[in-house]
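Whatever order the structure lists them in is the order used to number ligands and atoms, beginning at 1. On a predicted model such as this, the values are computed, not experimentally measured, just so you know. All residue numbers in this chain count up from 1 along the given sequence.
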Amino acid sequence: MDISLQSGQTLGIVGESGSGKSTLARAVMRLIGSEGRIVLLGADVTDLSERKFRSHRRKVQMVFQDPYSSLNPSLTVGQSIAEPLKVHTRMSRAARRRRVEEVLDLVGLRAEFADRHPDEFSGGQRQRIAIARAIVLEPEILICDEAVSALDVSTQNQVLSLLESLRERLGLSYLFISHDLAVVRHISDSVAVMYLGEIMEEGPVDRIFESPAHPYTQVLLEAVPEPDPLLQRSTKKRVLEGDVPDPTNPPPGCSFSSRCPFAMEICRVEPAPVVEVIGGGTSRCHLHTSGPTLGGAPLAALPVIEQTPPEAGVSP
Ligand code: SF4
């Protein structure tokens with residue numbers, strides 16, 4: 001299954017810890033190989049020549065989870081933000097300083113903060129500094145790897161609003177990796193659901209959250225607590241048991257078969273087919289082609305429109 005990020009859009013990547021979300025980010029940076037296609041703004045990063053990839057690499061920057069460790073404590077904020085400019089451009093010291101002040105302003109911080117050290121700032125401010133550093137080279141894509149997970153809820157909301165406003169002002173596109181489904185739903189245009197390094201389902205955000213086609217997506221969504229405690233108690237939910245298996249020794253057939261509540265014999269033998277879903281996107285599951293029921297609904301009611309061959313699968 002391929003993933004594709006369109007200009008000015010946010011692609012959310014979800015899955016449990018150990019599902020391969022961060023591995024996908026490393027595949028995008030070509031730090032590791034990928035078996036499938038990763039198309040970012042029309043360019044297949046898995047297929048670019050080394051020379052083209054080097055220029056592409058500058059267009060893709062990352063924001064990490066931990067704002068405490070992603071900034072060098074011995075450098076001033078200005079020095080940290082200016083570092084990529086020193087490496088990738090021939091800007092004068094004065095021009096670098098101007099650019100640093102410009103990006104600090106873009107992330108809502110004062111110019112004089114450039115002369116202070118990271119330990120003088122709160123977690124939210126440090127994440128703003130990390131974002132300033134990530135946008136200083138005017139990238140086209142930001143990979144946000146659990147970028148708001150270490151922040152409290154109100155700071156999370158402020159940083160999410162900042163990311164949304166930067167997307168509009170700078171025309172950025174985001175690959176937004178998070179285990180937090182509510183955050184992903186809020187910020188994404190489309191979503192890919194990962195399990196054991198494979199994309200199990202992908203599609204437009206509303207279709208994924210309102211009518212998930214894949215059993216793994218369904219169980220993941222059911223695990224999200226209801227805001228209303230009464231509803232939470234009265235709603236019967238399936239629970240995903242066990243841990244994600246060792247990725248170096250995945251189950252044969254469908255990689256989710258050892259934990260799937262709908263697993264059939266064929267699931268433990270043959271890789272699942274990738275099937276297009278009404279409403280957009282694709283799902284990788286035998287139930288779409290050979291199962292009797294899904295979640296109590298007759299198979300005919302499943303939103304399946306067309307099959308694509310299993311070999312189109314991707315496991316970054
Ligand atoms: Fe479950 Fe089988 Fe579908 Fe895999 S292919 S998700 S095991 S029903």
Proximal ligand 1 atoms for H286, defined as those under 4.0 Å from one of its heavy atoms: 3 (Fe), 5 (S)
Sub-4.0 Å atoms of ligand 1 with respect to non-hydrogen atoms of H214: 6 (S)
Common cluster, V103/L75, ILVMFWY with side-chain heavy-atom separation under 4.5 Å: no
Atoms of ligand 1, numbered as shown, that sit under 4.0 Å from any heavy atom of F256: 6 (S)
Atom 4 (Fe) of ligand 1 to nearest N/O/S of C260 less than 2.8 Å: no
Contact flag C267/atom 2 (Fe) of ligand 1, N/O/S atoms, threshold under 2.8 Å: yes
For atom 8 (S) of ligand 1, the option (of L287, T217, V219, I266) bearing the nearest heavy atom: L287
Chi angles and distances behind the side chain to side chain donor-acceptor pair (under 3.5 Å) call for E16, H179: CA-CA 6 Å; E16 296 162 282; H179 68 280; over 6 Å; no
Donor-acceptor pair between D152 and T155 side chains, under 3.5 angstrom: yes
Atom 3 (Fe) of ligand 1 [closest protein heavy-atom partner, distance rounded to 0.1 Å]: C285 SG, 2.3 Å
Parallel, tilted or perpendicular: ring planes of H214 versus F256, cut at 30 and 60 degrees: tilted
Going by atom type alone, with no hydrogens or angles, which donor-acceptor pairs under 3.5 Å involve a side-chain atom of residues 85-92 and a protein atom two or more places apart or on another chain?
| from | atom 1 | to | atom 2 | distance (Å) |
| --- | --- | --- | --- | --- |
| T89 | OG1 | L85 | O | 2.6 |
| T89 | OG1 | M91 | N | 3.3 |
| S92 | OG | A95 | N | 3.1 |

C254 contact mode with ligand 1 (heavy-atom cut-off under 4.0 Å): side chain
Given H288, E202, E201, the one that forms side-chain hydrogen bond (donor to acceptor under 3.5 Å, both in side chains) with S283: H288
